[in-house]
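Here the structure is laid out as structure tokens; the discussion comes afterwards.
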Amino acid sequence: MKTIIEPFRIKTVEYVKTTTQEEREEILKKAYYNTFLIPAEDVLIDLLTDSGTSAMSAKQWAAVMDGDESYAGSKSYFKFEKITKKIFGFKHIIPVHQGRAAERILFTMILSDIDSDGRFINAGKGKFIPSNNHFDTTRANIEFNGAEAVDLVIEEGKHPEVIHPFKGNMDIEKLKAFIKEKGAKNIPVCMITVTNNTGGGQPVSMENIRMISKICNENKIPFFIDACRFAENAYFIKIREKGYENKSILEICNEMFSYADGCTMSAKKDAFANIGGFLAINNDEWYVNSKNLLIITEGYETYGGLSGRDMEAIAQGLDEILDESYLHYRIYSTKYLGEKLLANNIPIIQPTGGHAIYVDAKNFLPHIPPEQFPGQALSVELYRYGGIRAVEIGSVMFARYDKDGKMIPADMELVRLAIPRRVYTQSHIDYVAEIFCEINKNKNKIKGVKIIEEPKFLRHFTAKFAPVD
Ligand SMILES: *Cc1c(COP(=O)(O)O)cnc(C)c1O
């Protein structure tokens with residue numbers, strides 16, 4: 001079948017506001033040309049993130065009404081626990097309010113010495129945690145605990161134009177050499193992110209997961225999966241990896257997680273929920289220690305910072321995400337936008353990943369130097385011409401400065417168009433492509449931006465910009 005249609009129909013609608021270009025000029029000025037500072041109400045198509053922005057199904061909303069808000073032993077928790085065990089197969093499931101809370105608990109625990117009174121004493125210094133690419137909150141939680149987060153993605157994963165079926169894979173030789181160099185005792189856990197968000201939503205193959213697991217086993221290093229987009233990854237395995245074409249998504253997920261000792265999960269991604277997550281662990285001692293941390297800051301073990309109705313929505317969402325017709329639509333509708341952009345000579349990361357299209361702004365706007373932030377300039381144009389909100393993933397986010405204050409640019413200057421799940425129709429996506437064509441016509445006139453005010457940390461969220469003259 002050639003046409004990829006949405007495998008759902010619309011039952012409730014949410015109106016979006018159209019604005020004129022004149023109004024948007026004013027809004028941009030007021031927001032200091034930072035898309036994070038634009039009120040969401042003034043956005044026509046919001047591609048800022050796919051996190052927590054999914055449209056819930058009728059069954060999820062029905063489940064919300066059925067939420068059991070009992071403090072301990074809620075029926076909704078047991079439902080949530082049952083489906084997570086069915087998909088992920090781990091022994092212990094700890095609910096948390098979102099992915100980064102699972103990361104905080106995991107890394108605080110494994111990067112601490114625990115004294116006889118159960119107190120945690122940080123021991124992160126001199127420890128290393130490898131992954132393909134750590135997501136930014138994962139990295140922050142590792143570094144906040146004193147350890148070093150190390151990216152070991154394969155070389156192909158670093159080049160936007162290079163085609164590879166599993167560009168999110170970890171470089172196995174590099175991992176072996178890394179363990180040899182640093183010593184297994186200094187690597188308390190090894191991670192892999194599926195799909196690799198930071199690297200363009202690129203998948204990781206089953207073979208790669210199996211090999212990492214084998215190496216970790218040989219070196220007695222626990223292996224954890226950052227599982228946020230596990231179902232999208234499983235679908236890529238099904239369509240691209242030999243031997244999996246006739247397996248169900250559930251079977252592929254079961255195999256993927258059978259190689260690991262635990263996982264962290266944000267339910268704001270592949271669980272169609274607006275909030276939530278969990279930490280899953282096989283090791284009994286780690287489970288007890290994690291629960292202690294959970295109860296101090298998140299909540300009791302059968303809700304962990306979530307309401308009963310949240311756990312209901314997640315449980316139902318996890319059941320729905322395994323649906324192959326949905327995943328088929330998801331992966332091919334992302335590809336549809338990518339192909340439209342490529343057909344109009346808009347350079348993007350190839351092949352297209354699961355949840356987003358990444359436009360190569362350095363290549364698209366070669367007349368704007370990194371010091372004038374081509375990615376930021378392009379995201380401003382998208383809003384100016386089309387009321388579309390995207391996010392820069394380039395030097396605004398990642399540049400560093402040398403001791404003389406000279407900027408060391410990021411490796412890539414990208415604009416991410418993240419696609420919320422089940423939210424936009426094909427005509428919305430066609431519109432996005434049309435706006436790109438409009439921008440393309442006059443792209444040589446687009447000017448860069450400069451920073452006029454910025455905070456010390458995570459500046460992309462709140463920095464203020466102005467157009468360069
Ligand atoms: C979103 C995300 C996280 C963090 O989850 P939150 O729910 O936003 O805290 C961790 N890893 C990856 C790969 C993510 O995409």
Side-chain angles (χ1 to χ4, degrees), residues 36 47-54 80 84 88 94-108 129-145 149-153 157 167-170 189-204 209 224-234 236 256-257 260 262-280 294 297-299 304-306 310-311 313-314 317-318 321 330 334 353-358 391 393 397 414 416-421 458 460-461:
F36 281 100
L47 307 181
L48 190 71
T49 178
D50 66 320
S51 177
T53 53
S54 298
F80 165 85
T84 41
F88 302 90
I94 296 172
V96 293
H97 78 275
Q98 61 183 85
R100 68 198 68 184
E103 293 166 353
R104 187 187 64 81
I105 290 172
L106 177 67
F107 295 122
T108 306
I129 298 178
S131 184
N132 44 356
N133 284 115
H134 288 281
F135 180 65
D136 53 8
T137 60
T138 322
R139 174 178 298 280
N141 273 296
I142 291 168
E143 293 181 349
F144 190 76
N145 281 294
V150 184
D151 293 339
L152 300 177
V153 72
K167 250 177 138 169
N169 281 355
M170 191 188 276
V189 68
C190 174
M191 302 263 315
I192 189 99
T193 315
V194 303
T195 57
N196 187 18
N197 185 358
T198 308
Q202 299 292 329
V204 178
I209 294 173
F224 272 62
I225 298 179
D226 178 338
C228 297
R229 297 180 183 79
F230 72 96
E232 290 173 8
N233 200 83
F236 277 117
M256 253 164 54
F257 293 103
C263 76
T264 55
M265 171 74 187
S266 168
K268 300 175 76 173
K269 322 290 171 47
D270 269 2
F272 293 123
N274 302 123
I275 197 73
F278 59 84
L279 171 63
L294 179 85
T297 57
E298 289 275 313
L306 295 173
D310 295 328
M311 292 186 284
I314 296 167
L318 284 172
I321 202 97
R330 172 71 172 163
T334 301
H355 68 292
I357 296 296
Y358 293 70
V391 63
I393 299 192
M397 217 180 250
L414 304 173
R416 187 183 75 177
L417 310 166
I419 306 177
R421 294 169 184 78
L458 295 168
H460 54 283
F461 289 121

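Note that the numbering runs from 1 along the sequence shown for the chain. Numbering of ligands and ligand atoms starts at 1, following listing order.
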What pair of heavy atoms forms the shortest contact from Ala418 to Ala356, and how long is it? CA-CB, 3.7 Å
At their closest point, which heavy atom of Ser131 faces which heavy atom of Ile192, and how far apart are they? OG-CA, 3.8 Å
Pairs of nitrogen or oxygen atoms, one from ligand 1 and one from the protein, closer than 3.5 Å: please tabulate them with distances.
residue  : atom   : partner : partner atom : Å
ligand 1 : 7 (O)  : Gly99   : N            : 2.9
ligand 1 : 7 (O)  : Ser266  : OG           : 2.7
ligand 1 : 8 (O)  : Gln98   : NE2          : 3.4
ligand 1 : 8 (O)  : Arg100  : NH2          : 2.9
ligand 1 : 9 (O)  : Gln98   : NE2          : 2.9
ligand 1 : 9 (O)  : Gly99   : N            : 3.3
ligand 1 : 9 (O)  : Arg100  : N            : 2.8
ligand 1 : 9 (O)  : Arg100  : NE           : 2.7
ligand 1 : 11 (N) : Asp226  : OD1          : 3.4
ligand 1 : 11 (N) : Asp226  : OD2          : 2.7
ligand 1 : 15 (O) : Asn197  : ND2          : 3.0
ligand 1 : 15 (O) : Arg229  : NH1          : 2.9
ligand 1 : 15 (O) : Lys269  : NZ           : 2.8

Tell me, which pairs form a salt bridge (Lys or Arg N to Asp or Glu O under 4.0 Å) where one or both residues lie in residues 135-144, sequence neighbours left out? Arg139-Glu143, Arg139-Asp151
Aromatic ring centroids of Phe88 and Phe230 under 6.0 Å? yes
Could you tell me if His355 and Asn197 have a donor-acceptor pair between their side chains, going purely by distance under 3.5 Å? yes
Start with the C-alpha distance between Arg104 and Thr297, add both sets of side-chain angles, then the distance that settles side chain to side chain donor-acceptor pair (under 3.5 Å), and finish with yes or no. CA-CA 11 Å; Arg104 187 187 64 81; Thr297 57; 2.4 Å; yes
